[in-house]
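As structure tokens, the structure follows; a few thoughts come after it.
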Amino acid sequence: VFLKMRAWTVLFMLACDNVCGWRLTTCHRHCLHLKHAKTLTLPLAWRDRKRQALVRWEPRMKAASSYESTSLQQKQPVLDPHRWVQLGLLSLLALLSDWVCFSTAAVPDEWLLIEGHDASQLIDIFLCANVFSCFLYTDIAACFGLRRVIVGAAVLMSAGCIIRSGLPIPATAEALARSMPGYTPEVIGTIMVGAAQPFFQCSPPLLSATWFGASERALATATAINFNQVGIATAFIVGGNMANDPPGMHAYFDVLTVCAAATAMATFFLFRERPDQPPSASAAKAWKVEDDARSLSGGGIRLSLSYPGKAVKLLQAPGFVCALAAFVASISCTNVVSAFTDPELSRAGFAKGFGIDLTGAAFQVSIVMGGIALGRFVDQTRAFKKVMLGCLLTALPILLLLGVTEGYDVSFSQPVVVLLLLALGFSVGPVQPIAAELAVEVAYPCDENAVEATQQLAGNLFSALLVPLCEMAVHYDWQFSEQRVDVRGDTLLLLAIIGLTSLYFASFNAPLQRSLLDNDDASEEQFDGVQAAEVGSAGD
């Protein structure tokens, strides 16, 4: 009678578990209590029968635990291995686009001799085309899908590179110089590549949300957004070594064209729209909304100019403007330093040649490495504000020291200047991708394309205005110490931008909406898995 009562008690607790949400571990602890109870004054036969009953129950408990584990594993999102191919292709396209943008930054004197225009003018033209394309990117991507716009932009970039390089003519140096297109084709080709770039730089948040799990998104976004800096590094290394005369400049542009064409072909064959299964709860919800919109519109979304309305809605989201300000400050700082690396290092005492090219390339690599390292850290901790604010505040003294050594009165040793430049890249560079992920988090469920397009539009427009301002400000010199320590005006301008942005971003206080959804869904899946295991055990 006693054993029957105990058995019915356990079954009753399992039944209550299904109704009231008790845990199976309660029953398990109860059974273990029975197993180790030594104070029960029962006859020896009863103890033997109790022991036999526990022997029958223990396999069922183990089976329930195994069922629970298997159930939870089945509910975990499946990540497609092809996501790394997607990330690699998008990163390579971003690399090539900024390689074209800064292709002559390492050889401004040679470019001025060949075309009769400053190299910074092409950078400004590129950024203006980028801004215009950013304004249209969101609606084009929503209408045609991620794969079509990425492949189309890759083809457009290849065509622009062909126009910039002209046709290779194996002849004398004079003939090669004449075979270089005039300045007008160079401008047209640059506009085409600038118009293609937003499709590579605005899509990383969408790619990471579509293909990567919640614990990989910041890393994927940081890699794709910052990999364009490797393109600038390539421009310094390859351009600085090849484009030292007209034939070398022509051969250098031919290399760019071949690389762009090969990457466009690889993108056409390998780039996919999305994986078979969503990698997270937020991705599943976004896919459902997108599929419902396409079914309501008859299988496709009409091309319309809806981005201005989306941008206004984004600016009203709590915390979005703070993330936007940090992104703009970071991209404008890196763009200005990249555009004027050659004259800045020359003022710091570096001799013209490979040393400046290698230092400029190292600065770009430090941006990428900082973005990957801190992006991974943010994936694990979700400490967006602490990391970004720390990066901005760290950049202030580094910028000041670089400004001092680039002035007239004080000069540091070259190793110190290189270390300062690398520290600047490692600190200010990661702010861009982390700010992009933060903007998506606070503005969820807004369109990821609209989020990044807004940031790229504001960042590149501000950079396009800032480049000529820094060219004019460089002639201003400020003495701020009796020991004759001076700082140029362009450095003061960057210091003001980073400092004011740090003060404003310190007020950030907004919830991470997308992470809250993913965490809630994960908790629900875990609770459902535990309940399923308990129901299965009760059925046994």
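Starting from 1, each residue takes its place in the sequence as its number.
Enclosure of atom CZ in Phe350 by more than 12 non-hydrogen atoms of other residues, nucleotides or ligands within 6.0 angstrom is indicated.
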One pair to check against side chain to side chain contact (heavy atoms under 4.5 Å, CB included): Arg514 and Glu437. What are the steps and the verdict? CA-CA 10 Å; Arg514 186 173 63 174; Glu437 276 297 299; 2.7 Å; yes
Can you check side chain to side chain contact (heavy atoms under 4.5 Å, CB included) on Leu256 and Ser165, steps first, answer last? CA-CA 8 Å; Leu256 259 173; Ser165 65; over 6 Å; no
May I have the step-by-step check of side chain to side chain contact (heavy atoms under 4.5 Å, CB included) for Gln432 and Thr334, ending in yes or no? CA-CA 10 Å; Gln432 295 178 49; Thr334 55; 3.2 Å; yes
One pair to check against side chain to side chain contact (heavy atoms under 4.5 Å, CB included): Val336 and Asp490. What are the steps and the verdict? CA-CA 9 Å; Val336 168; Asp490 54 346; 5.7 Å; no
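For Glu448 and Arg217, the salt-bridge test fails: no basic side-chain N is under 4.0 Å from an acidic carboxylate O. Under a 4.0 Å N-O distance rule, the pair Glu216/Arg83 qualifies as a salt bridge.
Contact of the Pro275 side chain with the Trp211 side chain is registered, since non-hydrogen atoms from C-beta on lie closer than 4.5 Å. With a 4.5 Å cut-off on side-chain heavy atoms, Cys333 and Leu399 count as touching. No side-chain heavy atom of Val85 sits less than 4.5 Å from a side-chain heavy atom of Phe271. Between Phe327 and Glu452, some side-chain heavy-atom pair lies under the 4.5 Å cut-off. Side-chain contact check for Trp99 versus Cys259: some heavy-atom pair is nearer than 4.5 Å. Put simply, the side chain of Pro415 does not reach to within 4.5 Å of the side chain of Leu419, judged on heavy atoms. The shortest side-chain heavy-atom distance between Asn228 and Gln201 falls under the 4.5 Å cut-off. By the 4.5 Å heavy-atom criterion applied to side chains, Phe508 and Val442 are counted as neighbours.
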List the atom pairs, with distances to 0.1 Å, where a side-chain N or O of residues 151-158 and a protein N or O form a donor-acceptor pair under 3.5 Å, not counting sequence neighbours.
{"unit_1": "Ser158", "atom_1": "OG", "unit_2": "Ala154", "atom_2": "O", "d": "3.0"}
{"unit_1": "Ser158", "atom_1": "OG", "unit_2": "Ala260", "atom_2": "O", "d": "3.0"}

Sequence neighbours left out, cut at 3.5 Å: what donor-acceptor pairs do the side chains of residues 491-503 make with other protein atoms?
{"unit_1": "Thr501", "atom_1": "OG1", "unit_2": "Ile497", "atom_2": "O", "d": "2.7"}
{"unit_1": "Ser502", "atom_1": "OG", "unit_2": "Ile498", "atom_2": "O", "d": "2.8"}

Do any side-chain atoms of residues 457-464 form donor-acceptor pairs under 3.5 angstrom with protein atoms, and if so which ones, sequence neighbours left out?
{"unit_1": "Asn460", "atom_1": "ND2", "unit_2": "Asn130", "atom_2": "OD1", "d": "2.6"}
{"unit_1": "Asn460", "atom_1": "ND2", "unit_2": "Gln456", "atom_2": "O", "d": "3.1"}
{"unit_1": "Asn460", "atom_1": "ND2", "unit_2": "Gln456", "atom_2": "OE1", "d": "3.3"}
{"unit_1": "Ser463", "atom_1": "OG", "unit_2": "Asn335", "atom_2": "ND2", "d": "3.1"}
{"unit_1": "Ser463", "atom_1": "OG", "unit_2": "Gly459", "atom_2": "O", "d": "2.8"}

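Minimum interatomic distance between Thr257 and Cys161 (heavy atoms only, all atoms of both residues): OG1-O, 3.0 Å. Of all heavy-atom pairs between Tyr504 and Ala325, the closest is CD2-CB, 3.9 Å. Nearest heavy atoms, His82 versus Leu270: NE2-O, 3.0 Å. Here the closest heavy-atom approach between residue Ser338 and residue Gln364 is recorded as OG-NE2, 2.8 Å. When all heavy atoms of Leu146 and Val149 are compared, the closest pair comes out as O-CG2, 3.2 Å. In this structure, Leu422 and Phe363 approach most closely via the heavy-atom pair CD2-N, 3.9 Å.
Atom CG of Leu122 sits about 7.0 Å away from atom OG of Ser103, to the nearest 0.5 Å. Atom CG of Leu396 and atom SG of Cys391 lie 11.5 Å apart (nearest 0.5 Å). The CZ atom of Phe102 lies 8.0 Å from the CZ atom of Phe126; values are rounded to the nearest 0.5 Å. Between atom CD1 of residue Ile232 and atom CD1 of residue Ile367 there is a gap of 6.5 Å, rounded to the nearest 0.5 Å. Distance check: Arg274 CZ to Trp287 CH2 gives 5.0 Å after rounding to the nearest 0.5 Å.
Between the side chains of Gln197 and Asp98, at least one donor N or O lies within less than 3.5 Å of an accepting N or O. In the model, Thr359 has no side-chain atom that pairs as donor or acceptor with a side-chain atom of Gln414 under 3.5 Å.
Judged as a ring pair (Phe, Tyr, Trp, His ring centres under 6.0 Å), the pairs with a partner in residues 188-210 (not counting sequence neighbours) are, in order, Tyr137-Phe199.
When atom types are taken as modelled, the side chain of Thr394 and the backbone of Gly390 share a donor-acceptor pair closer than 3.5 angstrom. When atom types are taken as modelled, the side chain of Gln86 and the backbone of Arg272 share a donor-acceptor pair closer than 3.5 angstrom. Panel note: side chain Ser330, backbone Val428; a donor-acceptor pair is recorded below 3.5 Å. Formation of a donor-acceptor pair under 3.5 Å by the Thr405 side chain with backbone atoms of Leu402 is not found in this model. Not one N or O on the side chain of Thr210 forms a donor-acceptor pair closer than 3.5 Å with the backbone of Leu207. Checking side-chain atoms of Asp139 against main-chain N and O of Tyr307 turns up a donor-acceptor pair under 3.5 Å.
Listed by chain and residue number, Asp124, Glu471 satisfy the side-chain contact (heavy atoms from CB on, under 4.5 Å) test with Pro468 (two or more places apart in sequence, or in another chain). Thr190 meets the side-chain hydrogen bond (donor to acceptor under 3.5 Å, both in side chains) test with Arg164; sequence neighbours excluded. Residues passing the side-chain contact (heavy atoms from CB on, under 4.5 Å) test with Ala243, sequence neighbours excluded: Val107, Met249, Tyr252. In terms of the side-chain hydrogen bond (donor to acceptor under 3.5 Å, both in side chains) criterion, Asp379 has no residue partners (sequence neighbours excluded). Qualifying side-chain contact (heavy atoms from CB on, under 4.5 Å) partners for Asp245, counting only residues two or more places apart in sequence or in other chains: Pro247. Under the side-chain contact (heavy atoms from CB on, under 4.5 Å) criterion, Ala224 pairs with Leu87, Leu90, Ser91, Pro204, sequence neighbours left out. In this structure Asp357 satisfies the salt bridge (charged side-chain N to carboxylate O under 4.0 Å, His left out) test with no other residue, sequence neighbours excluded. Residues meeting the side-chain hydrogen bond (donor to acceptor under 3.5 Å, both in side chains) test with Ser203, sequence neighbours left out: none.
Remark: Arg488 is not positioned above the aromatic ring of Trp478, lacking an NZ or CZ atom under 6.0 angstrom from the ring centre and at most 45 degrees off the axis. A cation-pi arrangement is present between Arg147 and Phe268, with the terminal nitrogen or guanidinium carbon under 6.0 Å from the aromatic centre and inside a 45° cone about the axis.
Tested against Ile191, the residues Val193, Val187, Ile188 include a single side-chain contact (heavy atoms from CB on, under 4.5 Å) partner, Val187.
Tyr183 and Trp111 have tilted rings, their planes meeting at an angle from 30° to 60° on a 0 to 90° scale.
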